[in-house]
Structure formats: C-alpha cells, structure tokens
Chemist: 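So that we are looking at the same thing, I have put the structure below in structure tokens.
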Amino acid sequence: MQVGPLTVPGRLFKSATSETRSSKDGFVTDRLLEFYEPLIRAGTPLIITGNLYVSRQGKSAERQAGIDADDKKPGLRDWVQLAHSGGSLLIAQLNHGGRQIIESAVPGEPTVSASAVREPLFGTKPRPLRIDEMPSVAKAFADAAERARDVGFDGVQIHAAHGYLLNQFLTPHTNRRTDAYGGSLDNRMRLLREVYQAVRERVGDDYPVLLKLNGTDDLWLRKGATTEEIVRVAQVMQDEGVDAVEISRGHYESWPSTVLGHYHGFVRTEVTEGGAAKLPRHRRMLMSATAPLVEAIAERFAPGSEGFNLPQAQQFTSRLTIPVICVGGFHTVAAMEAAIDEGRCDAVAAARAFIADPLLFQHLRAPDPEAPVCAYCNGCIARHGGMAIDCYSPDLRYRRDLMLRTAGIPSTSSPLSPISKDDQL
C-alpha cells in the first residue's frame with residue numbers, strides 16, 4: 001500500500017498509544033524501547049508512536065515522550081534504528097495537548113485552547129490562544145517534523161483528533177472564537193491548515209505526512225463537529241497534500257466513546273493509579289464516589305465491537321482518494337479483511353490488541369490458539385499518565401509474558417505500581 005512516497009508492506013498498523021515510559025523530561029528510555037521491541041520483532045509493517053509533544057506548552061501527561069528540542073534527537077534516533085532493524089516503518093505522531101492537560105508543564109502558565117472552555121474531567125480552565133501566537137504553534141509542529149525527518153522517522157502524523165489542541169479548534173463546543181480562527185468551518189480549520197503548511201514546507205514534498213481526525217466528536221448535548229464537517233476537513237487537507245488520514249473518535253469528555261469496551265474499575269483505577277491521581281483531592285473524591293454508577297452506565301450503553309469507527313470511516317473512504325486508516329477494536333483477521341475487502345477503509349489500525357499481544361501481526365499470518373486476545377478491560381488506558389503502558393489483565397499478562405519468553409523476546413512487563421516521579425528509568 002502506498003502512503004505518499006512510502007510503500008507499506010501490509011495493511012495492519014499499530015496505532016498510537018500514550019506510553020508513560022519516557023523520562024520525566026520526555027527523553028526516550030530503555031523502558032520505552034522495550035515496549036516496541038516485540039512489535040518490531042513480529043514484523044508489524046507500520047508503527048505510529050504515542051503522541052509526542054511538540055512544545056512544553058503542549059505536554060499533556062507525565063512520562064510523555066517529547067520531540068520539542070534537539071537534545072532529544074539521539075534517543076529518537078535509537079527508536080528509529082530499533083524499528084528499522086526489524087523492518088518496521090516508524091511514524092512520529094506530533095501533538096499539542098491544548099486544554100486536555102491536568103497541570104501545565106510550563107510553570108506559572110495556564111493551559112491554552114481555542115477558547116476559555118473548561119475541560120470537565122480535569123477541571124482545567126484554559127486561556128484562548130492569541131492570534132499572534134498561532135505562528136508559534138505552527139512553528140513548533142514544523143520544528144518537530146524536521147527533527148523527525150532528521151533522525152530517520154519514515155513520516156509524521158499530525159494529531160487533530162481525541163480532543164487535543166487542533167481538534168479543539170475544529171469543534172464548535174471548544175471553539176467559540178469570533179475572529180479568523182472561529183465560527184465557520186473554514187475558520188475553525190485554519191490553524192490545522194497553517195500547521196500542515198508549515199510542516200510540509202519544512203520537510204518537503206517527498207516526506208510522508210499523515211493526519212489523525214475524529215470520525216465523530218461524540219459530544220452528547222454539546223456542539224461537536226459533525227462527520228460531514230470533518231469529511232470536508234479531510235478533503236481540504238487532501239487537496240493541501242496530506243498523504244493519508246486515520247479515523248478515530250471523541251474528546252476526553254466524550255468518555256467512554258474513545259475507549260469502547262468494558263469499564264469495571266476504570267474510574268477508580270484512573271484516580272488511584274492513572275493520570276487523575278494528580279487531580280485535586282475534592283475532584284478525586286467525587287470521581288471515586290460516582291465511579292460505580294458511571295462505570296455501570298458505561299458498561300450498559302457503550303459496549304465495544306470490532307471496527308466501531310467503520311460507520312464514520314467509510315464516509316471518508318467514499319470521498320477521498322488518499323488512504324483511509326480505521327482504528328477501533330480490531331483484533332481478528334475476519335474483521336480486518338472484511339473492513340478492507342468491503343471498501344470501508346484502506347487499512348486498519350489497532351492499539352489495545354497489540355498491548356495484549358505484541359506479536360499480533362505475526363499471529364494473523366500464523367495463528368496461535370494460545371496467543372492472548374485483548375478483552376478490552378481498559379486497564380491499560382485507565383493507568384495512562386500514571387503507570388507504564390502495559391496489559392493489566394493478570395491472566396492475559398501472564399500468557400503474553402510466557403509467549404514472549406518462549407519466543408526469546410524480553411518481556412515488556414512494567415512494575416505493578418505507579419511510576420515514581422523521581423524514577424529516571
């Protein structure tokens with residue numbers, strides 16, 4: 001499959017997952033590389049990194065890897081060399097968290113967004129970006145893309161989904177501006193276009209630039225961008241020169257839309273072991289008190305299924321000529337092949353399935369009845385920002401580690417306790 005000038009030897013990709021495995025200052029660590037080694041050893045064709053912050057202002061989580069400064073290039077180069085040693089292509093996902101940040105990484109500075117709309121899960125109240133600040137946002141993405149190209153990444157993906165900064169500009173609920181960056185769809189996509197243009201100018205026409213978009217904002221009782229609007233954004237970006245688009249869904253406040261599956265213990269785990277452990281005590285107490293009800297409602301009304309973003313993805317596929325990648329609950333050959341053969345998307349991506357079974361791509365070609373299969377308990381997602389990305393289902397984790405040892409691959413298991421703030425590993 002062609003992604004711009006890049007030939008990809010397969011149509012199953014590893015979608016981005018926030019790793020919480022870098023140093024506290026965002027440098028690549030051995031612990032981070034250990035997570036990717038089994039994926040690479042299994043021959044996964046294309047891997048998209050977890051979201052890399054393009055500036056300190058855009059850092060959205062603890063232990064998030066960064067691509068914001070040249071001193072991070074040696075570690076990033078090690079990451080690329082590891083991927084290439086096993087024949088995998090590696091795409092750097094570039095991101096700015098906007099208002100979806102518990103605490104600004106810039107001391108004394110508030111978080112920023114399109115408008116001063118409070119983020120309800122974290123309670124974060126951002127300040128609107130000024131018009132004179134827009135060029136610096138575009139420059140941060142361009143600088144990051146140049147670093148990615150320089151160290152050998154096979155391309156970059158601009159993250160404009162999941163409620164992060166560029167998505168906040170696209171969404172009417174979070175963008176209430178009355179200037180050139182708000183109001184009409186053309187205005188709301190202006191920053192995204194400026195970011196892309198700055199990136200493209202920096203990396204050149206022959207370097208792959210992908211885009212991640214929501215198929216639906218899924219903001220119940222709030223004014224999200226419609227699928228039709230986002231398809232229009234994708235068409236404009238295709239005309240600008242984007243090489244492929246990955247379709248996902250939701251903002252943080254759309255939960256559980258973004259992590260469809262099972263939710264028993266999710267909120268309580270997030271509060272005690274995930275990023276929410278940093279929230280003020282009163283907010284953590286409220287979340288803990290309401291957790292049983294919230295989790296029960298989510299379990300009842302937001303079940304997961306394979307390819308849950310396909311209804312939206314196929315609307316992009318029918319209107320675009322560039323490849324459309326669909327992520328969302330994929331883990332079986334049958335579902336993946338059906339999605340592609342029926343023309344609903346051009347490639348599929350998975351995240352949680354690869355966490356449970358890092359050898360997933362290998363097992364699709366040579367099935368192993370003993371291979372672990374993700375149960376979508378969401379324990380990995382609940383611990384984001386607090387503990388290293390890993391499978392936290394004891395049975396699946398045991399089977400995965402046994403499988404890796406048998407294959408002579410080091411285990412990716414992390415300690416079963418939150419990462420210490422002073423831990424430099």
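Any value given below was found using the heavy atoms of this structure, including those in side chains, with hydrogens, waters and symmetry copies removed.
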Chemist: Return the minimal non-hydrogen interatomic distance between A356 and V373, and the atom names on each side.
Modeler: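 The answer is CB-C, 4.4 Å.
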Chemist: Under a 3.5 Å cutoff, is there a donor and acceptor pairing between the side chains of H162 and S248?
Modeler: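 Indeed, the side chains of H162 and S248 share at least one donor-acceptor pair under 3.5 Å.
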Chemist: Using side-chain heavy atoms (C-beta onward) and a distance below 4.5 Å, is M285 in contact with H282?
Modeler: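 No; the side chains remain at least 4.5 Å from each other.
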Chemist: Please step through salt bridge (charged side-chain N to carboxylate O under 4.0 Å, His left out) for the pair D401 and R405, ending with a clear verdict.
Modeler: CA-CA 6 Å; D401 290 351; R405 286 196 299 271; 5.1 Å; no
Chemist: Listing request: all ring-ring contact (aromatic ring centres under 6.0 Å, His included) pairs with a residue in residues 42-90, at least two apart in sequence or in separate chains.
Modeler: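 Pairs touching residues 42-90 that pass the test: Y36-W79.
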Chemist: Kindly indicate whether the side chain of C391, heavy atoms from C-beta on, has any atom under 4.5 Å from the side chain of C380.
Modeler: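 The answer is no; the side chains never approach within 4.5 Å.
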Chemist: State whether E295 and R268 are salt-bridged, where the test is any N-O pair (Lys NZ or Arg NE/NH1/NH2 against Asp/Glu carboxylate O) under 4.0 Å.
Modeler: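 The answer is yes: the pair qualifies as a salt bridge.
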Chemist: So does G329 get a backbone contact from the side chain of R352, meaning a donor-acceptor N/O pair under 3.5 Å?
Modeler: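 Looks like no, no N/O pair under 3.5 Å.
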Chemist: Report yes if some heavy atom in the side chain of L166 is under 4.5 Å from a heavy atom in the side chain of H159; otherwise report no.
Modeler: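 No, too far: nothing below the 4.5 Å cut-off.
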Chemist: Count the heavy atoms of every other residue, nucleotide or ligand shown that sit under 6.0 Å from CD of E103, and state whether that count exceeds 12.
Modeler: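 Not buried by this count: 12 neighbours or fewer within 6.0 Å.
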Chemist: Ignoring hydrogens, what is the shortest heavy-atom contact between S88 and L39? Give both atom names and the distance.
Modeler: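 It is OG-O, 4.5 Å.
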Chemist: List the steps, then state whether side-chain hydrogen bond (donor to acceptor under 3.5 Å, both in side chains) holds for T317 with D346.
Modeler: CA-CA 8 Å; T317 306; D346 300 293; 4.8 Å; no
Chemist: Any donor-acceptor pair under 3.5 Å linking the side-chain atoms of Q168 with those of S113?
Modeler: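 Per modelled atom types, S113 and Q168 side chains form a pair under 3.5 Å.
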Chemist: Check whether the side chains of H173 and D217 place a donor and an acceptor atom closer than 3.5 Å, and report yes or no.
Modeler: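 Result is no, nothing qualifies.
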Chemist: Do E240 and R193 have side chains that get closer than 4.5 Å, going by heavy atoms?
Modeler: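 A side-chain contact exists here, since the closest heavy-atom pair is under 4.5 Å.
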Chemist: Check whether any side-chain heavy atom of T111 sits under 4.5 Å from a side-chain heavy atom of E119, and report yes or no.
Modeler: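 No, side chains not in contact.
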Chemist: Could you check R344, R249, Q314 and say which one makes a side chain to side chain donor-acceptor pair (under 3.5 Å) with N309?
Modeler: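 Running side chain to side chain donor-acceptor pair (under 3.5 Å) over R344, R249, Q314 with N309 returns exactly one hit, R249.
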Chemist: Considering residues at least two apart in sequence or located in another chain, which fulfil the side chain to side chain contact (heavy atoms under 4.5 Å, CB included) criterion with A289?
Modeler: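 Side chain to side chain contact (heavy atoms under 4.5 Å, CB included) list for A289, sorted by chain: empty.
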Chemist: Any chance you could lay out the salt bridge (charged side-chain N to carboxylate O under 4.0 Å, His left out) test for D390 and R400, step after step, and finish with the verdict?
Modeler: CA-CA 11 Å; D390 208 334; R400 182 204 62 190; 2.6 Å; yes
Chemist: Below 3.5 Å, can you tabulate the donor-acceptor pairs from side chains in residues 70-77 to any protein atom, sequence neighbours excluded?
Modeler:
| from | atom 1 | to | atom 2 | distance (Å) |
| --- | --- | --- | --- | --- |
| D70 | OD1 | R147 | NE | 2.9 |
| K72 | NZ | D25 | O | 3.3 |
| K72 | NZ | D68 | OD1 | 2.9 |

Chemist: Should V242 and I158 count as side-chain neighbours, where that means a heavy-atom distance under 4.5 Å?
Modeler: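 Answer no - side chains too far apart.
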Chemist: Assess whether side chain to side chain contact (heavy atoms under 4.5 Å, CB included) is satisfied between Y376 and H331, documenting all intermediate values.
Modeler: CA-CA 10 Å; Y376 298 94; H331 60 270; 3.1 Å; yes
Chemist: Side-chain contact test, heavy atoms from C-beta onward, threshold under 4.5 Å: evaluate it for M387 versus Y392 and give yes or no.
Modeler: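 Yes. Closest side-chain heavy atoms under 4.5 Å.
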Chemist: Which residues pass the side chain to side chain contact (heavy atoms under 4.5 Å, CB included) test with Q2, not counting sequence neighbours?
Modeler: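 Once residues adjacent in sequence are excluded, the partners of Q2 under the side chain to side chain contact (heavy atoms under 4.5 Å, CB included) criterion are T7.
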Chemist: Under the rule for side chain to side chain contact (heavy atoms under 4.5 Å, CB included), what residues qualify as partners of A114, not counting sequence neighbours?
Modeler: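 Partners of A114 by the side chain to side chain contact (heavy atoms under 4.5 Å, CB included) criterion, ordered by chain and then number, come out as F169, N175, R177.
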Chemist: Excluding sequence neighbours, so at least two apart, what forms side-chain hydrogen bond (donor to acceptor under 3.5 Å, both in side chains) with R200?
Modeler: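 Checked R200 against side-chain hydrogen bond (donor to acceptor under 3.5 Å, both in side chains); matches are Y196, D243.
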Chemist: Angle between ring planes, F266 versus W255, binned at 30° and 60°: parallel, tilted or perpendicular?
Modeler: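 Tilted, since the angle between the ring planes falls between 30° and 60°.
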